A.B. asks: 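Quick one: the structure is below, and I'll ask about it shortly.
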Amino acid sequence: MASSSLDTEAGAGAQHKAGGDGSGYTTAATAHAVDTDSWQQVGLLLVTGFNCAYVLSFSNLMMVPLGWGWGAACLLLLAAAAWYANWLLAGLHVVDGQRFIRYRDLMGFVFGRKMYYLTWFLQFTTLLLGSMGFILLGGRALKAISAEFTQTPPRLQWFIAATGFVYFAFAYFVPTISAMRNWLATSAALTVTFDVALLAVLVRDGRSNDRSGRDYSIHGTGAEKAFNALGAVAAILVCNTSGLLPEIQSTLRKPAVGNMRRALALQYTVGAAGYYGISVAGYWAYGAAASEYLPNQLSGPRWASVLINATAFLQSIVSQQLFTVPIHEGMDTGLQRLEEGMFSRYNMTRRLFARGLLFGVNVFVTALFPFMGDFVNLFGSFALFPLTFMFPSMIVLKIKGECDGRWGRLWHWGIIVVSSAVGLATSAAAVRLILHNASVYRFFADT
């Protein structure tokens, strides 16, 4: 087994002992809190984090390309597969007496520096693209609110910039996952509000629309159907997993493995009921005509549209932080003084420039390429397939080896081969979508 890659984390500092009850282990130094949160807190964070503004696009991205039969089958299959893969990864949180608070550290410890850097690249690519998707959705929500009160709302780019500033402010003053505990009740209330309001309007529209004329067929040529279906598979994976489970698990109190698995059970039951329910209801109400941003299609009163867009925007402020914290943690650990608190003058100054640079770049790229489907499909296919399915099975094969038995080895090799093939196919579909949108839209398009 390769030597530990914990020393490759720039500025991470020395390792320290955790677990004063005798079940001690070493963990890398970090600027963020470790071993502090309950599984209920993390479970609620996952439920609200995945029931975010992204669900407003999932009817179009997941159900329209697949239809009822394949859509339902893929929703259930990928949710079950993601749950199992994350359950498996949660059990690898402590290896050889070391607690791994970063996915890249775990991969580097088991496979060496090259896998450390590959994991770093895949994770940060995923989180950056996901952040851009959040910024775009937030901008669209603000523009939709503005459109309710004026016939000529400002360009989308102004709302993208405003969204980026609000996200930056929250990330600056609420810098860690553990610090988000004070916002979870608010986030949960906002999630329930926009989920219930949206479902009510969708049911109303579904009942009032001409059901006999509603089109649930899959459109396009054979090649278009195939590529769009692969894109939908990537989108389904996006709504079920994040690629940063060790980073989230690092905040849990002992037993970290059991508590993480309890939190995952909450996500894949209560959480999935929410984001899958809206996705299916949107497709039922509008069929193949379901919009890439559902609130644009709602026929309810003005107040309902404003409420849905406003609560979705406000809830996304908290949700987006969950998916960008690992980037912040890496930057904070490398740039800040670990012996000082997060709110010392020195650390706040460093954090100001780090957060400002990150969100400044993300806002610019999002304003330049405002294509929602691209963000979702690309990071779902390119990075989440290996992070979710391939890497945990690779670790199990490396650590357990012959001890896992013949059928166990075949099982994990099967996961690696199948997920690799599907990941390559969905990546090709995502690239095709990007090329198509690049030929249709211009830079800084006001979509």
Side-chain angles (χ1 to χ4, degrees), residues 4-16 18 26-37 41-42 45-46 49 89-90 93 98-109 116-117 119-131 134 167-183 242-253 256 260 263 317-344 346-359 361-362 383 387:
S4 171
S5 70
L6 295 175
D7 60 320
T8 66
E9 189 70 22
Q15 300 175 22
H16 64 273
T26 59
T27 182
T30 175
H32 289 201
V34 176
D35 201 28
T36 60
D37 302 334
Q41 176 182 326
V42 172
L45 184 68
L46 291 171
L89 182 57
H93 194 56
Q98 296 191 47
R99 180 176 184 178
F100 291 96
I101 63 173
R102 307 178 187 99
Y103 205 162
R104 56 191 181 275
D105 287 345
L106 174 59
M107 292 299 293
F109 178 78
Y116 171 93
Y117 289 115
T119 307
W120 180 93
F121 173 75
L122 291 176
Q123 272 197 305
F124 277 53
T125 300
T126 299
L127 301 176
L128 286 172
L129 290 172
S131 174
F134 269 109
Y167 287 0
F168 156 77
F170 187 85
Y172 181 72
F173 290 107
V174 187
T176 69
I177 290 180
S178 291
M180 293 170 64
R181 67 167 64 93
N182 297 324
W183 296 87
S242 62
L244 50 90
L245 186 133
E247 287 79 359
I248 297 172
Q249 190 174 2
S250 70
T251 71
L252 280 168
R253 295 193 290 263
M260 189 69 243
I317 298 172
V318 182
S319 296
Q320 63 83 29
Q321 176 75 339
L322 171 65
F323 299 101
T324 54
V325 159
I327 299 177
H328 301 326
E329 188 274 335
M331 298 175 74
D332 293 344
T333 299
L335 296 174
Q336 296 184 13
R337 293 172 178 168
L338 302 188
E339 68 276 11
E340 298 181 10
M342 290 294 291
F343 291 95
S344 71
Y346 179 89
N347 287 345
M348 289 186 71
T349 302
R350 288 296 187 97
R351 189 163 70 248
L352 177 69
F353 288 105
R355 300 289 196 276
L357 176 63
L358 176 68
F359 282 102
V361 171
N362 278 4
L387 290 172

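Counting from 1, the numbers follow the sequence of the chain as shown. These numbers come from a predicted model, not from an experiment.
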A.B. asks: So does Ile248 get a backbone contact from the side chain of Thr251, meaning a donor-acceptor N/O pair under 3.5 Å?
C.D. replies: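 Yes, Thr251 side chain to Ile248 backbone: donor-acceptor pair under 3.5 Å.
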A.B. asks: To the nearest 0.5 Å, tell me how far Leu106 CG sits from Gln98 CD.
C.D. replies: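 Output value for this atom pair is 10.0 Å.
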A.B. asks: Please lay out, stage by stage, how Met342 and Gln336 fare under the test side-chain contact (heavy atoms from CB on, under 4.5 Å).
C.D. replies: CA-CA 8 Å; Met342 290 294 291; Gln336 296 184 13; 3.5 Å; yes
A.B. asks: In chain order, what residues pass the side-chain hydrogen bond (donor to acceptor under 3.5 Å, both in side chains) check against Ser242, with sequence neighbours excluded?
C.D. replies: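 Listed in chain order: nothing, the list is empty.
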A.B. asks: Any donor and acceptor pair, going by atom type alone, linking the side chain of Ser131 with main-chain N or O of Leu127 inside 3.5 Å?
C.D. replies: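 Such a contact is absent between Ser131 side chain and Leu127 backbone.
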A.B. asks: If you measure from the Lys or Arg side-chain nitrogens to the Asp or Glu carboxylate oxygens, is any gap between Asp332 and Arg355 under 4.0 Å?
C.D. replies: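 A salt bridge links Asp332 with Arg355.
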A.B. asks: What distance do Trp183 atom CH2 and Ile317 atom CD1 have between them, rounded to the nearest 0.5 Å?
C.D. replies: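 So the gap between those two atoms works out to 8.5 Å.
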A.B. asks: Could I get the full list of side-chain contact (heavy atoms from CB on, under 4.5 Å) partners for Ala263, not counting sequence neighbours?
C.D. replies: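 Result, side-chain contact (heavy atoms from CB on, under 4.5 Å) vs Ala263: Val42, Leu46, Met260.
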A.B. asks: So how far is it from Ile101 CD1 to Asp105 CG, rounded to the nearest 0.5 Å?
C.D. replies: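 Taking CD1 in Ile101 and CG in Asp105, the distance rounds to 7.0 Å.
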A.B. asks: Excluding sequence neighbours, so at least two apart, what forms side-chain hydrogen bond (donor to acceptor under 3.5 Å, both in side chains) with Ser319?
C.D. replies: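 So Ser319 forms a side-chain hydrogen bond (donor to acceptor under 3.5 Å, both in side chains) with Gln315.
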A.B. asks: Could you tell me whether the side chain of Leu387 reaches within less than 4.5 Å of the side chain of Leu245, counting heavy atoms only?
C.D. replies: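 Sidechains of Leu387 and Leu245: no contact.
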A.B. asks: Using 30° and 60° as the class boundaries, would you call the ring planes of His328 and Phe359 parallel, tilted or perpendicular?
C.D. replies: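 Plane angle between 30° and 60°, so tilted.
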A.B. asks: Look at the side chain of Gln321 and the backbone N and O of Val174, then say whether any donor-acceptor pair between them is shorter than 3.5 Å.
C.D. replies: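 Looks like yes, one N/O pair under 3.5 Å.
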A.B. asks: For Glu247, what residues pass the side-chain hydrogen bond (donor to acceptor under 3.5 Å, both in side chains) criterion, not counting sequence neighbours?
C.D. replies: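 For Glu247, the residues satisfying side-chain hydrogen bond (donor to acceptor under 3.5 Å, both in side chains) (neighbours in sequence not counted) are Gln123.
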A.B. asks: Holding to side-chain hydrogen bond (donor to acceptor under 3.5 Å, both in side chains), I want the full list of residues that pass it with Tyr103, two or more places apart in sequence or in another chain.
C.D. replies: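 side-chain hydrogen bond (donor to acceptor under 3.5 Å, both in side chains) list for Tyr103, sorted by chain: empty.
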A.B. asks: Can Ser178 and Thr36 be counted as having a side-chain donor-acceptor contact under 3.5 angstrom?
C.D. replies: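 Present: a donor and an acceptor within the cut-off.
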A.B. asks: Among all residues two or more places apart in sequence or in another chain, which pass the ring-ring contact (aromatic ring centres under 6.0 Å, His included) test with Phe323?
C.D. replies: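 ring-ring contact (aromatic ring centres under 6.0 Å, His included) check on Phe323 returns Phe50, Phe134.
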A.B. asks: Sequence neighbours excluded, which residues qualify as side-chain contact (heavy atoms from CB on, under 4.5 Å) partners of Leu352?
C.D. replies: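 Leu352 satisfies side-chain contact (heavy atoms from CB on, under 4.5 Å) with Phe168, Tyr172 once adjacent residues are dropped.
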A.B. asks: Enumerate the salt bridge (Lys or Arg N to Asp or Glu O under 4.0 Å) contacts for residues 172-183, please, sequence neighbours excluded, ordered by first and then second residue.
C.D. replies: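 Found Asp37-Arg181.
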A.B. asks: What's the separation between atom CD in Gln41 and atom CD1 in Ile177, rounded to the nearest 0.5 Å?
C.D. replies: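 Atom-to-atom, Gln41:CD and Ile177:CD1 are 9.5 Å apart.
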A.B. asks: If you draw the axis of the six-membered ring of Tyr116, does the NZ or CZ of Arg102 fall within 45° of it and under 6.0 Å from the ring centre?
C.D. replies: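 That pair does not qualify as a cation-pi contact.
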A.B. asks: Would a 4.5 Å heavy-atom cut-off, applied to side chains only, mark Leu244 and Val325 as touching?
C.D. replies: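 Side chain of Leu244 against side chain of Val325, heavy atoms only: no contact under 4.5 Å found.
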A.B. asks: Taking ring-ring contact (aromatic ring centres under 6.0 Å, His included) as the definition, give me every residue that meets it alongside Phe124, ordered by chain and number, with sequence neighbours left out.
C.D. replies: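 Applying ring-ring contact (aromatic ring centres under 6.0 Å, His included) to Phe124 gives Trp120.
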A.B. asks: Could you list the residues that satisfy side-chain contact (heavy atoms from CB on, under 4.5 Å) with Phe353, not counting sequence neighbours?
C.D. replies: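 Once residues adjacent in sequence are excluded, the partners of Phe353 under the side-chain contact (heavy atoms from CB on, under 4.5 Å) criterion are Thr349.
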A.B. asks: Would you please name every residue forming a side-chain contact (heavy atoms from CB on, under 4.5 Å) with Arg337, sequence neighbours left out?
C.D. replies: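 Partners of Arg337 by the side-chain contact (heavy atoms from CB on, under 4.5 Å) criterion, ordered by chain and then number, come out as Glu339, Glu340, Tyr346, Asn347.
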